[in-house]
Amino acid sequence: MAVKALSEYNFPAADTQDKFHGNQLLYVGWDDHLMFCAPFAYCIPPSTKFSELVEKHLPHSFGPHPEWAKVDVSKIVWLKSGQPFQPDMNKTLAEQGLEHKTALRMQTPGLNGNGTYF
Amino acid sequence: MDMKANKKKLGLKEKYAHMTRGLDWQTTYQPMDKVFPQATFEGIKIHDWEKWEDPFRLTMDAYWKYQAEKERKLYAVLDAFAQNNGHLGITDARYLNAVKLFLTGISPLEYVAHRGFAAAGRNFPGVGPRVACLMQSIDEIRHAQTQIHALSNYNKFYEGFHAGAAHQIERIWYLSVPKSFFDDAFSAGPFEWMIAIGFSFEYVLTNLLFVPFMSGAAYNGDMATVTFGFSAQSDEARHMTLGLECIKFMLEQDPDNLPIVQKWIDKWAWRGIRVLTLVGMMMDYMLPKRVMSWKEAWEIYFEQNGGALFNDLAKYGIKVPDCITQCTVDKEHISHQAWCTFYQYAHASAFHTWLPNAEEMDWLSAKYPNTFDKYYRPRYEQWREMADKGERFYNNTLPMLCQVCQIPMVFTEPDDPSKICYRESDYQGEKYHTCSDGCKHIFDDEPEKYIQAWLPVHQIYQGNCWPEGTDPTAEGFDPMAKVLEWYHIENGKDNLDYEGSGDQANFAAWRGAATQNT
Amino acid sequence: MSTVFIAFQTNEDTRPIVESILADNPHAVLDEQPAMVKINAEGQLVIKRESIEERIGRNFDLQELQINLITLSGNIDEDDDQFTLAWKN
């Protein structure tokens with residue numbers, strides 16, 4: 001349903017990709033690890049390789065968690081918009097359809113803060 | 001010579017009738033719908049504005065008389081507070097962090113409420129609601145002013161008050177939550193404003209904000225806050241009554257108004273409840289002496305009192321908002337989720353945080369037997385262990401935010417507190433993320449509105465949150481340091497842990513000086 | 001039946017008001033909290049001008065309640081002699 005307004009109501013979206021200086025937004029959360037209160041928002045080029053995401057950006061953010069060292073990157077189960085997703089480490093975000101404002105979830109079966117979801 | 005007055009004074013009802021009716025006029029050289037352009041576009045049908053009645057029957061002369069008396073009482077206390085070093089009477093300077101949050105997050109809303117009710121009063125064609133909105137508009141600016149006056153006493157002694165009520169509301173990430181709530185309401189029409197602020201916020205939720213907060217302030221020895229709080233609250237009873245009167249009036253005027261009003265109640269109950277997450281955290285974590293838990297306050301003021309209200313409105317066909325099921329789950333989680341968020345982003349907040357101590361955790365276990373030990377105690381114990389090793393956890397990456405409430409996506413699935421709740425919508429080829437079914441529903445209903453949201457994390461990434469003249473390409477450029485500068489947060493003074501802060505050291509020294517001669 | 005309530009600041013102005021309310025509404029329950037006194041009652045609560053005047057020994061205008069009022073719940077009906085809060089269901 002449309003906004004009820006006195007005159008035509010049509011305003012630009014605040015966060016379209018063109019406003020991020022050549023970068024895009026990508027969100028990544030780690031299921032069962034609530035030490036990080038919310039998923040992370042990254043602002044990185046669409047030309048970022050997936051391998052760079054998991055080797056550089058994610059360890060910077062998730063590294064402080066005592067379980068991060070136990071994560072086997074090749075065994076992470078990925079969800080994209082809630083659906084199973086099989087990333088290609090050698091492809092860029094753009095090349096595998098990880099467009100602006102995509103939300104990824106990582107699942108690491110067996111790791112859940114010893115059942116506390118820490 | 002004695003003038004004997006034989007004529008009896010006007011009774012309350014007569015006086016109200018004389019002083020709120022016949023004050024307006026029919027226009028002659030412009031049509032009425034041009035003079036009141038906002039009266040009809042929302043779809044609310046009003047047939048007879050004369051049916052509006054203020055149950056308090058307060059007239060302008062009585063209003064000035066009683067408000068003046070409230071002000072005299074308030075300023076007498078504030079003088080005494082300042083003259084007698086009242087700031088040293090609080091339980092612990094840690095408590096003041098709740099007051100900082102109040103000054104930066106709530107006082108600016110009072111000012112926006114002042115503007116909003118002035119606008120609503122201007123836009124309603126009926127004289128009864130115009131008078132009531134006028135009074136409320138004046139009340140709200142009084143609240144903003146008295147809060148700023150009262151809390152300026154703390155600014156003489158403590159960190160984190162220096163930016164006052166005006167600057168940070170436009171900028172800081174967590175303050176965008178209350179700001180966007182009021183912006184959303186103010187950018188709607190006058191009837192929706194009345195349901196949003198007059199009814200949902202003032203009637204259904206204000207008790208949760210003011211009553212436990214002020215009672216908590218009293219319990220923690222904060223005379224200044226108690227006094228402005230209760231002085232403001234004495235107006236709230238009238239505001240609540242206006243909100244309730246307004247909704248009954250809309251529903252009685254035309255049956256077509258029911259679905260519109262119901263939609264607004266559903267939307268604004270949820271919007272308001274999300275904002276109150278901050279209050280839940282304040283009650284459960286920020287008061288050294290606690291009055292009641294957030295969950296208990298929720299049960300008294302929302303479930304019982306709100307239940308009575310919705311029973312009463314059922315005769316018009318109004319139903320309890322859908323979000324109630326979610327809220328029943330959330331009441332055992334949200335205060336903990338919020339405090340965990342501020343703990344890890346304390347470097348970017350204009351107040352101090354801390355880990356609850358053993359005794360406080362036991363209190364939380366007792367108040368939240370279903371959730372605290374299972375989900376939250378392990379987190380605090382882990383953080384305590386990390387802090388003891390010198391690795392105090394500060395989150396180094398910006399969080400994903402909800403497009404509607406603007407709170408980081410910290411809330412968990414209604415049926416699984418171990419999983420973050422993700423909801424997604426597509427609109428005009430762009431993805432939008434929300435934290436809950438409630439926020440997603442609001443987005444999907446009016447996407448044109450929420451795509452414009454000023455989301456702090458995205459604004460930082462767009463480079464819009466640095467002081468003017470900042471060169472992000474300069475060598476050694478530190479984006480977060482520049483964001484703090486733009487926020488007017490003094491790094492190392494206003495933010496980080498309470499333990500080791502200037503506030504903690506000063507309070508101990510001054511209180512010592514107040515009780516000893518050396 | 002639903003509960004109505006009214007809360008006042010705890011002070012010398014409200015002490016006789018609270019006494020009157022409790023005397024006139026035997027079903028009302030007093031709930032004392034820090035700096036605040038709350039009166040809960042099933043269904044309805046009536047505040048009578050005369051009862052307050054008997055206790056304070058002067059004329060009382062029911063609108064003076066506004067000065068020390070903190071919050072209330074229920075539909076209001078006010079005239080010169082009494083102030084009623086009720087949920088009619």
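Chain letters run A, B, ... following the sequence lines, proteins first and then strands; every chain starts at 1. Quick caveat: nothing in here was measured; it's all calculated off a predicted structure.
Taking chain B as the reference chain and counting heavy-atom pairs below 4.5 Å, the highest number among C:Glu64, C:Lys38, C:Gln33, C:Gln63 is found for C:Gln63. Of the listed residues B:Glu53, B:Lys73, B:Gln67, B:Met292, the one with more heavy-atom pairs under 4.5 angstrom with chain C than any other is B:Lys73. Interface check for chain B: of the options C:Asp77, C:Ile70, C:Asn68, C:Thr71, the most heavy-atom pairs under 4.5 Å are formed by C:Ile70.
Proximity to chain C is absent for every atom of B:Tyr63, based on heavy atoms less than 4.5 angstrom apart. Using a 4.5 Å cut-off between heavy atoms, B:Tyr16 does not touch chain C at all. Only the side chain of C:Asp13 comes within contact range of chain B, with heavy atoms under 4.5 Å apart. Looking at B:Glu69, the atoms closer than 4.5 Å to chain C (heavy atoms on both sides) all sit in the side chain, from C-beta outward. Only the side chain of B:Thr241 comes within less than 4.5 Å of a heavy atom of chain C; its backbone N, CA, C and O stay farther away. Interface residue C:Asn11: only side-chain heavy atoms are found under 4.5 Å from chain B. Only the side chain of C:Phe5 has a heavy atom closer than 4.5 Å to any heavy atom of chain B. Only the side chain of B:Ile300 comes within contact range of chain C, judged by heavy atoms closer than 4.5 Å.
The two residues B:Tyr219 and B:Arg290 make their nearest non-hydrogen contact at CE2-O, 3.3 Å. In this structure, C:Glu78 and B:Pro55 approach most closely via the heavy-atom pair CB-O, 3.7 Å. The two residues C:Thr3 and C:Ser73 come nearest to each other via the heavy atoms O-OG, 4.2 Å.
Between the side chains of B:Ser293 and B:Glu296, at least one donor N or O lies within less than 3.5 Å of an accepting N or O. Side-chain polar atoms of B:Ser231 and B:Arg142 form a donor-acceptor pair below 3.5 angstrom.
Relative ring orientation between B:Trp298 and B:Trp294 is described as tilted, the plane-to-plane angle lying within the 30° to 60° band. Between B:Phe228 and B:Phe102, the angle of the ring planes lies from 30° to 60°, which puts this pair in the tilted group.
Residues B:Asp235 and B:Lys70 are paired through a salt bridge, judged by an N-O separation under 4.0 Å between the basic side chain and the carboxylate.
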